[in-house]
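Here's the structure, in structure tokens; my notes come after.
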Number of protein chains: 2
Amino acid sequence: MKGLQICPKFEAAFEIIGKRWTGLIIHVLLSGSKRFKEIKDVIPEMSDRMLTERLKELEAAGILSRNVYSEMPVRIEYVLTDKGHALEPIMNEMQKWAETWME
Amino acid sequence: MKGLQICPKFEAAFEIIGKRWTGLIIHVLLSGSKRFKEIKDVIPEMSDRMLTERLKELEAAGILSRNVYSEMPVRIEYVLTDKGHALEPIMNEMQKWAETWME
DNA sequence: ATAATTAACTTACTTTATATAAGTATAATA
DNA sequence: TATTATACTTATATAAAGTAAGTTAATTAT
């Protein structure tokens, strides 16, 4: 006999933020908009390839937006949308948990 | 010039709970101890193989414990430790976010 | 003027993780 | 005796991630 299944929205949320690197990228962007290289510098173990891929996914999911400034040379900034910013309480709880229970 | 890197504990926390299925398994166990099959029934898209692997990882990480009851037939229950239970606020915030922003 | 450097990627290829399907041991039930 | 159930394991295929090198456009250094 089968019990109830998990709420599809909850599952879908995990499909996005439960991927490798995603949480860290969001964490970095919570401190303000950043350029590609600025994100890389904070998370040096992540490859360019992965950062590009995750940024595209997060943009597609409406969590961040990619802003192009037509300067010379062009400047590209990644900034959280309202939907992305709303993830802050999750990140704060993660931080608390990590400090209390890790290592 | 490189900025500050991310807190290692925070990163380590994501290595555990940011893996596929992990969050859902924890969510299920927050409602009480469960047998292998009970978890499967709530998350039917996950294979036996993945559930076995994740349960072992979570046990190794001290997030849950595997309790064997010497009945006939043997009954095995998975239950969250204090460390695992402490993840509840994260899951609650996830749920809130998912309900507000998904779909 | 040419060479080297930087940002923000892309492409090709390898390795690891996950999915799919089937099999196993032990016991209960029909 | 045959079938079903729990809690796995094993084998193999496919998808995701890692590694390394290359690209484009502009900038600074020689």
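Residue numbers start from 1 in every chain, and the chains themselves are labelled A, B, ... in the order their sequence lines are given, proteins ahead of strands. Because the structure is a prediction, the values reported are computed rather than measured.
- The CD atom of E71(A) sits 14 Å away from the P atom of dA7(C) (whole-angstrom rounding).
- Residue E57(B) contributes atom CD, which lies 10 Å from atom C1' of dA17(C) at whole-angstrom precision.
- For T52(B), counting side-chain heavy atoms from C-beta on, the closest listed nucleotide (dG18(D), dA7(D), dT9(D)) is dT9(D).
- The 5' end of DNA chain D is approached more closely, in terms of each residue's nearest nucleotide, by W21(A) than by the other of W21(A) and V74(A).
- Phosphate proximity of dT9(D) to K56(B): present, with a side-chain N or O under 4.0 Å from OP1 or OP2.
- In this structure, of dC9(C), dT10(C), dA7(D), it is dC9(C) that holds the atom nearest to the side chain of R66(A).
- Side chains of R35(A) and K40(A) form no contact here, defined as non-hydrogen atoms less than 4.5 Å apart.
- Contact check on K56(A) versus E59(A) returns no salt bridge, with no Lys/Arg side-chain nitrogen under 4.0 Å from an Asp/Glu carboxylate oxygen.
- Put simply, CG on L55(A) is 14 Å from C1' on dT10(C), counting in whole angstrom units.
- Considering only side-chain atoms of I76(A), the nucleotide from dA26(D), dC9(C), dG18(D) that sits closest is dC9(C).
- Nucleotides of DNA chain D nearest to M46(A) and P73(A) differ in position, and the one nearer the 5' end is that of M46(A).
- In this entry the distance linking CE of M72(A) with P of dT27(D) reads 8 Å, nearest Å.
- Connection of V68(A) to I63(A) is established within a shared hydrophobic cluster, with ILVMFWY side chains joined at heavy-atom distances below 4.5 Å, either directly or through further cluster members.
- Comment: R49(B) engages E53(B) in a salt bridge, judged by a side-chain N to carboxylate O separation of less than 4.0 angstrom.
- Between the P atom of dC8(D) and the CZ atom of R54(B) lies a distance of 16 Å, rounded to the nearest Å.
- In this structure, E71(A) places its CD atom where more than 12 heavy-atom neighbours from other residues, nucleotides or ligands lie under 6.0 Å away.
- The side chain of Y78(B) places an N or O atom within less than 4.0 Å of a non-bridging phosphate oxygen (OP1 or OP2) of dC8(D).
- Comparing E53(B) and D48(B) by the nucleotide of DNA chain C whose heavy atom lies nearest to each, the residue mapping closer to the 5' end is E53(B).
- Of the candidates dA17(D), dT9(D), dA7(D), the closest approach to any side-chain atom of R20(A) belongs to dA17(D).
- Between R75(B) atom CZ and dT26(C) atom P the separation is 21 Å, expressed in whole Å.
- Going from atom CZ of R49(B) over to atom P of dT24(C) covers 18 Å, rounded to whole Å.
- Following rounding to the nearest Å, F14(B) (CZ) and dA17(D) (C1') show an atom-to-atom distance of 18 Å.
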